[in-house]
Novice: 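Right, I'll just put the structure down here and ask away after.
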Amino acid sequence: MNYKIEITKVNKSRLSEIDFDKIPFGQTFSDHMFSADYINGEWTNLKIIPFSNLSLSPVNLALHYGQSIFEGMKASKMTDGTPALLRPEMHVRRLNASAQRLCMPDFPEDLFLQALHELVGMEAGWIPQKEGSALYIRPLMFAMDEKLGVAVSESYKFLIVTGPVGPYYPKPVKLLADTEYIRAAHGGVGEAKTAGNYAASLYPARLAMQKGYDQILWLDAKEFKYVQEVGTMNIFFVINGKVITPATTGTILKGITRDMSIQILRDKGYEVEERLISIQEIVEAHMDGSLQEAFGTGTAAVVSNVELIAYDGVDMPMPSIETYKVAHLLKSEINGMRSGEVEDRFGWVVPVKRETAKV
Ligand SMILES: Cc1ncc(COP(=O)(O)O)c(C=O)c1O
């Protein structure tokens, strides 16, 4: 279906004010945003408008009871200058899985893709050219009913905002495997990309930072025994040449970079296991020298190496980052596919098409 998206352009772009050499993550936003409203059971008011503030009731349901979900994705420029998205259909499917868990309406996949192509096509000038830089894309949906009392909202707003993010040169992270706080329990909302999961992580993350760690390596909620994920990344280990990552059993986010990493590695002949991984197994592999790599995967960093894991009062330094092979391979494969320098063997790269504009 081809939707009618009304477009109102800014009078003057802010693009010339942007220093692309200094774009801290999440603080600069492009000229336009996509907006839609869910009213009387249908998505309506489909528009691309200047990036602007919203007007919200103090009794907006999302502010009080947390019906709020989002996605995080990137557009980059291929070496020939064509803007490209990476697996956008996976993001709308995950958004809709989150929506279902939070009793929110589905957002039509075809409308999501049309809006994305249209918006990113308009904002192509905002996609940084530098290697490792990208246009970060944040689709979000939240309740709009105006009342108090825990209830499912009947109206919603859906937005897509975008902003350039600089080359991400992550320094290796120091992780604390926490045995006091949890991120998600079975039966909870850990698999959904919903605001409350991130709110719940702030306090334990702050305590970890006060102790000198960068982030928490979450353990399972029942026994504090099994490794789950890290902040905004899924976690991988390489032990004796075999790649292992926690299975997605309902409490961790089904990362799209995680999925790509598994497929790339299997295609390259690596053995990859998705299973329960106890923190004890990591301690033992560290002690007997079979732990070769530990790294996180996610849209923002692609791959972020782990320098140290602390558990039970002991700091375990990971092997020297220079010896990491798998993490390095994944980063260059995924970034290479984005730029077009590595063949897109899986059909993940989607060049942006603007053929739907209705002004
Ligand atoms: C909690 C959490 N885990 C993992 C990830 C990695 O997911 P993806 O690779 O889809 O960005 C993210 C980022 O979206 C996240 O917020």
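When a ligand or atom number is given, it counts from 1 through the structure's own listing order. Please read all numbers here as calculations on a predicted model, not as lab measurements.
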Novice: In terms of side-chain heavy atoms, does Gln263 have a donor or acceptor partner in Asp259 at a distance below 3.5 Å?
Specialist: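 Yes - a donor-acceptor pair under 3.5 Å links their side chains.
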Novice: Could you tell me, atom by atom, which parts of ligand 1 come under 4.0 Å of a heavy atom of Gly298?
Specialist: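 So the atoms of ligand 1 that pass are 6 (C), 9 (O), 11 (O).
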Novice: Looking at Pro246 and Arg258, what are the two nearest heavy atoms and their distance?
Specialist: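 Result for this residue pair: O-NH2, 3.0 Å.
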Novice: For Gly296, is the nearest heavy atom under 4.0 Å from an atom of ligand 1?
Specialist: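 Heavy atoms of Gly296 never come under 4.0 Å of ligand 1.
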Novice: Within a distance under 4.0 Å of any heavy atom of Arg94, pick out the atoms of ligand 1 and give their elements.
Specialist: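 Close to Arg94: 7 (O), 8 (P), 10 (O).
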Novice: If hydrophobic clusters are built from ILVMFWY residues whose side chains come within less than 4.5 Å, do Trp43 and Met144 share one?
Specialist: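 The answer is no; the residues belong to distinct hydrophobic clusters.
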Novice: Could you identify the single nearest non-hydrogen protein atom to atom 16 (O) of ligand 1 and state the distance to 0.1 Å?
Specialist: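 Ranked first by proximity to atom 16 (O) of ligand 1 is Tyr198 OH, 2.5 Å.
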Novice: Please state which protein non-hydrogen atom is closest to atom 2 (C) of ligand 1 and give its distance, to 0.1 Å?
Specialist: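 Looking at atom 2 (C) of ligand 1, the protein heavy atom closest to it is Glu229 OE1, 3.3 Å.
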Novice: Is the distance between the ring centroids of Tyr324 and Phe295 under 6.0 Å?
Specialist: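 No: the rings miss the under 6.0 Å criterion.
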Novice: Any non-hydrogen atom of Lys193 lying under 4.0 Å from ligand 1?
Specialist: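 Per 4.0 Å heavy-atom rule, Lys193 contacts ligand 1.
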Novice: Is Lys254 close enough to touch ligand 1? Criterion: a residue heavy atom under 4.0 Å from a ligand atom.
Specialist: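 No.
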Novice: Side-chain heavy atoms nearer than 4.5 Å, only ILVMFWY residues, links allowed to pass through others: does that put Val165 and Val173 together?
Specialist: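 Not linked; separate clusters.
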Novice: Using a strict 4.0 Å cut-off to heavy atoms of Gly231, name the atoms of ligand 1 that fall inside it.
Specialist: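 With Gly231 as reference, the close atoms of ligand 1 come out as 1 (C), 2 (C).
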Novice: Starting from atom 11 (O) of ligand 1, what is the nearest protein heavy atom, named by residue and atom, and what distance separates them?
Specialist: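 Checked against all protein heavy atoms, atom 11 (O) of ligand 1 sits closest to Thr299 OG1, 2.6 Å.
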Novice: Can you tell me which residue and heavy atom of the protein come closest to atom 6 (C) of ligand 1, and the distance to 0.1 Å?
Specialist: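 Sorting protein heavy atoms by distance from atom 6 (C) of ligand 1 puts Thr232 O, 3.6 Å first.
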Novice: State yes or no: do Ile334 and Tyr270 share one hydrophobic cluster built from I, L, V, M, F, W and Y residues joined by side-chain heavy-atom distances below 4.5 Å, directly or via other members?
Specialist: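 In one cluster with Ile334: Tyr270, yes.
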Novice: Does some non-hydrogen atom of Met73 fall short of 4.0 Å from ligand 1?
Specialist: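 Met73: no contact with ligand 1 (<4.0 Å).
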Novice: Which protein heavy atom lies closest to atom 7 (O) of ligand 1, and at what distance to 0.1 Å?
Specialist: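 That would be Gly255 CA, 3.4 Å.
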Novice: Please work out whether any backbone atom (N, CA, C, O) or any side-chain heavy atom from C-beta onward of Met260 is under 4.0 Å from ligand 1, and answer side chain, backbone, both or neither.
Specialist: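 The answer is neither.
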Novice: Do Lys130 and Asp21 sit within salt-bridge range, that is, some charged N less than 4.0 Å from a carboxylate O?
Specialist: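 Yes, Lys130 and Asp21 are salt-bridged.
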Novice: Using a strict 4.0 Å cut-off to heavy atoms of Thr297, name the atoms of ligand 1 that fall inside it.
Specialist: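 Within the 4.0 Å cut-off of Thr297, ligand 1 contributes 6 (C).
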Novice: If you measure only the distance, is there a donor-acceptor pair under 3.5 Å linking the side chains of Gln280 and Ser278?
Specialist: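 Checked: Gln280/Ser278 side chains show no N/O donor-acceptor pair below 3.5 Å.
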Novice: Do Tyr213 and Asp315 meet the criterion of a side-chain donor-acceptor pair at a distance under 3.5 Å?
Specialist: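 Yes, side-chain donor-acceptor contact under 3.5 Å.
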Novice: Is a side-chain donor-acceptor pair under 3.5 Å present for Glu322 with Ser320?
Specialist: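 Ser320 vs Glu322: donor-acceptor pair found between side chains.
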Novice: Say whether Thr44 and Asp37, considering side chains only, have a donor N or O and an acceptor N or O under 3.5 Å apart.
Specialist: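 Their side chains do not contain a donor-acceptor pair, so the 3.5 Å distance test is not met.
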Novice: Within the 4.0 Å heavy-atom shell around Asn234, which atoms of ligand 1 are there?
Specialist: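 Listed by number with element: 4 (C), 6 (C).
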Novice: To which protein heavy atom is atom 9 (O) of ligand 1 closest, and what is the distance rounded to 0.1 Å?
Specialist: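 Here the nearest protein heavy atom works out to Thr257 OG1, 2.6 Å.
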Novice: Could you list which atoms of ligand 1 come closer than 4.0 Å to a heavy atom of Ile256?
Specialist: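 Answer, ordered by atom number: 8 (P), 9 (O), 10 (O).
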